[in-house]
Amino acid sequence: MTSQQRIVRVRRQYNKWVANQTLEDYALRFTAHSARKWSSFRVANTAIGAISFLALEAIGGTITLQYGFSNAALAIMVVGVLILLTSIPISYYAAKYGVDIDLLTRGAGFGYIGSTVTSLIYASFTFIFFALEAAIMSLALEMCFGIPLSLGYLISALVVIPLVTHGITFISKFQLWTQPFWVVLHILPFVFIGASGFYSIDDWTRYPGQHGPVDGSFDLLIFGAAAAVVFSLVAQIGEQVDFLRFMPRQRKGRRLQWWGSLLAAGPGWIVLGMIKLFAGSFLAYFALSAGIPEQHAAEPTQMYLIAFQQMIASPEIAIGLTGTFVILSQIKINVTNAYAGSIAWSNFFSRLTHSHPGRVVWLVFNVAIALVLMEMGIFQALEHILGLYANIAVAWVGAIVADLVINKPLGLSPKHIEFKRAHLYDINPVGVGSMLVASILVTAAHFGWLGETAQALASFLALGTAFVLAPVIAFATGGKYYLARTPASHADNRTQEQCCICELKFDTEDMAHCPVYSGAICSLCCSLDARCHDRCKVDARFQEQIFAFLSAFLPERIVAGLNTRLGHYVSLMALVCSISGLFFGLIYIQATLDPVAPKDAIATTLWNVFLVTALLAGVTCWLFVLATESRRVAQEESTQQTNLLMREIRAHERTDEELQKAKEIAEAANDAKSRYMAGISHELRTPLNTILGYAQILYRICRPPIFG
């Protein structure tokens, strides 16, 4: 029997502060019915506002200048269709169940801890694109006001923070107010260029690119390289979903409107995105033809400056319109990037640390990372960074889509999206396994270990592998690892329950029964609790799953050795070295982009730095293992003492109960005795009085006259 734990008052206050949804915007929980108060149109307009990002034009221009129009155009169309198809089921399930992309990932085959990795992938997407968009805005600030790039990076990052602190409440208003101005400024240059009869359209479509075939023909390897860059946009659906979860429920008579808003704001983003990619392709060639150097022709500021100059003869007005358009576009998208990043980091750190200082803290954290990337010159490494990132992101999305469109209809996974920690395994091999295998395979392909063709088509390989493996693993495991215990109810209603921890009321979809605290607990309090050790689930924790998996392949003695202090140290050290090695690899790639860079010297320097870092990490990891073990032992002793005290308290309570019962029995006996004696006294007193009465009468009758 699970003992009931004492709830500390500080914890109640902490959770109540975090539960301020004006700032939190349901960063870690199901989107409540009461929060879905906006119309479908307003939610869709807010989500569509994210399409303003000029990185689309930058990507379209970059791949055209690098690989030529034919290969770039085909890559845009093929990848665009694939992104459209993958976005439809993700958008539908997110809007139907009111969950963001992280909660959706949990219930779509990844498990509670398994989705932590995908949260990091998604967070990486948000700060990479935040940095790209802010770098574009900084170029506009430099062009219009002469602000140095380093200072422009800082301004571009900081201006977004106050716009995002109040979540969708303010973002929806901001997107609504700015949308008309952005649409007009975006369309006008193309209208004037089209009306002027630009004579180089044929030259644009025949442009071969720097690395493409000279005749501008199709080349499979070049097409694959261009597609890899476009595939990096696949994670954009996560940002759309962060707003789609606020969609109102479907209502009779408004289903067409609901579906129209869903498709426009969700998968529909890539339709507009493809148009913007082609616009960037055209403007990059247009700028190149106008004499802009190739290394700057793919910069959106230069693209739109040339376009506005075609429309307006005055250079000053053209610069002003360009600056206004670029700055407005970048603020519109970066409020979305910053908002989505704050949610992703909240999910990531809440599971690792069982602590949540608030979404706004992670908002600042996300912006700070993006600022560092800008100072490192991320825009110059656009093609390489996005191509490498796309491979992992595609594997993640492929696994999710396979679960939604194959596993759920076939009954291999639950029909609903279960996201609560209390009901999930930490690791679900369906999503984690398929993404891991696809990532390993695509990494080998990316570095050319599987041949040139596989290297060029690595993103397609990642998508196909994850999509096929997810249902295969689900079938092989019988869907066992989706639910650690059966939820009490999944009724789609609007009733609420009170959380026994924070004492706030939430919708039933956000609640679970906690046997440790003997009451209903909300998903946020459940996620942040570090004392229960998942006692509501059997063999569902990460460590238990890992050791159970290893026991099937390794001898019991080796598995037992891994669960020792040394085993924990080796595992942690391997993880830290892998992560640091990945970062040093990215630094090497970024540092060797210049063909004249001394690659051998850079590699030697980074290798030496890695070894020193590994040495310091070894000491730090050992201290961490010792501290963790000490904390665990102290917690076990505290738990043991608590259990002893609880048993003593229960023994005292039983003694008190027995004493109370004995007292009650004694009092009852005394009462019975008193009543018995009182009854005897009454019975004796009645005949005696009668005899005395008769004696008195006889005495009066028979007394001698002398006494008369």
Side-chain angles (χ1 to χ4, degrees), residues 5 7-8 10-20 23-29 100 102-103 105-106 110-124 126-127 340-369 419-422 424-427 499 501-502 514 516-517 521-537 540-546 568-569 571-573 575-576 578-580 583 617 620-635 638:
Q5 293 192 7
I7 300 173
V8 182
V10 174
R11 190 170 185 82
R12 289 184 180 181
Q13 294 174 341
Y14 170 79
N15 280 309
K16 285 183 178 179
W17 177 75
V18 170
N20 179 3
L23 301 177
E24 283 300 290
D25 244 3
Y26 304 91
L28 294 174
R29 63 167 82 248
D100 60 23
D102 178 76
L103 302 187
T105 302
R106 290 189 202 175
F110 281 80
Y112 182 70
I113 298 298
S115 62
T116 303
V117 178
T118 62
S119 290
L120 184 59
I121 295 172
Y122 181 46
S124 302
T126 63
F127 66 67
S342 66
I343 294 176
W345 285 121
S346 297
N347 282 288
F348 178 75
F349 281 106
S350 67
R351 270 162 284 176
L352 292 183
T353 64
H354 294 287
S355 175
H356 180 52
R359 184 185 63 83
V360 176
V361 173
W362 301 122
L363 164 65
V364 177
F365 179 76
N366 196 59
V367 171
I369 295 177
F419 60 89
K420 296 182 285 292
R421 172 190 178 186
L424 293 175
Y425 279 88
D426 279 357
I427 300 292
C499 175
I501 302 295
C502 62
C514 179
V516 174
Y517 293 100
I521 187 171
C522 69
S523 61
L524 176 58
C525 290
C526 184
S527 295
L528 301 183
D529 194 89
R531 298 173 291 176
C532 67
H533 301 293
D534 292 304
R535 278 178 278 181
C536 61
K537 302 178 291 187
R541 303 192 72 191
F542 174 72
Q543 297 90 336
E544 297 166 347
Q545 289 186 266
I546 291 296
H568 294 165
Y569 172 72
S571 302
L572 182 61
M573 188 64 184
L575 177 63
V576 172
S578 299
I579 295 175
S580 59
F583 278 106
T620 305
C621 288
W622 183 245
L623 293 175
F624 178 80
V625 169
L626 294 178
T628 302
E629 186 174 342
S630 298
R631 185 177 69 249
R632 180 179 57 81
V633 172
Q635 189 172 8
S638 176

Contacts of F348 meeting ring-ring contact (aromatic ring centres under 6.0 Å, His included) (sequence neighbours excluded), chain-then-number -> W345
Would you name the heavy atoms of S119 and R351 that are closest together and state the gap between them?
-> OG-NH2, 3.2 Å
Please report the closest heavy-atom contact between R421 and D529, naming both atoms and the distance.
->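 Minimum heavy-atom separation between R421 and D529: NH1-O, 2.8 Å.
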Set of residues satisfying side-chain contact (heavy atoms from CB on, under 4.5 Å) with respect to [X], sequence neighbours excluded:
X    : value
A340 : Y122, T126, E239, D242
L424 : R106, Y112, E418
C499 : I501, C502, F506, M511, I521, C522, C525
C621 : Y569, L572, M573, V576

Could you pull out all residues at least two apart from [X] that satisfy side-chain hydrogen bond (donor to acceptor under 3.5 Å, both in side chains)?
X    : result
S523 : D510
Y425 : none
T118 : none
R541 : D534

For side-chain contact (heavy atoms from CB on, under 4.5 Å), just list the numbers for L528 and S350, CA-CA rounded to whole Å, side-chain angles, deciding distance to a tenth of an Å, and then say yes or no.
-> CA-CA 6 Å; L528 301 183; S350 67; 4.1 Å; yes
Give, for atom [atom1] of [X] and atom [atom2] of [Y], the distance between the pair rounded to the nearest 0.5 Å.
X    : Y    : atom1 : atom2 : result
D102 : L120 : CG    : CG    : 11.5 Å
F419 : D100 : CZ    : CG    : 9.5 Å
Y517 : C536 : OH    : SG    : 11.5 Å

side-chain contact (heavy atoms from CB on, under 4.5 Å) assessment of N366 paired with S342 | CA-CA 7 Å; N366 196 59; S342 66; 5.8 Å; no
Would you say F624 has more than 12 foreign heavy atoms packed within less than 6.0 Å of its CZ?
-> no
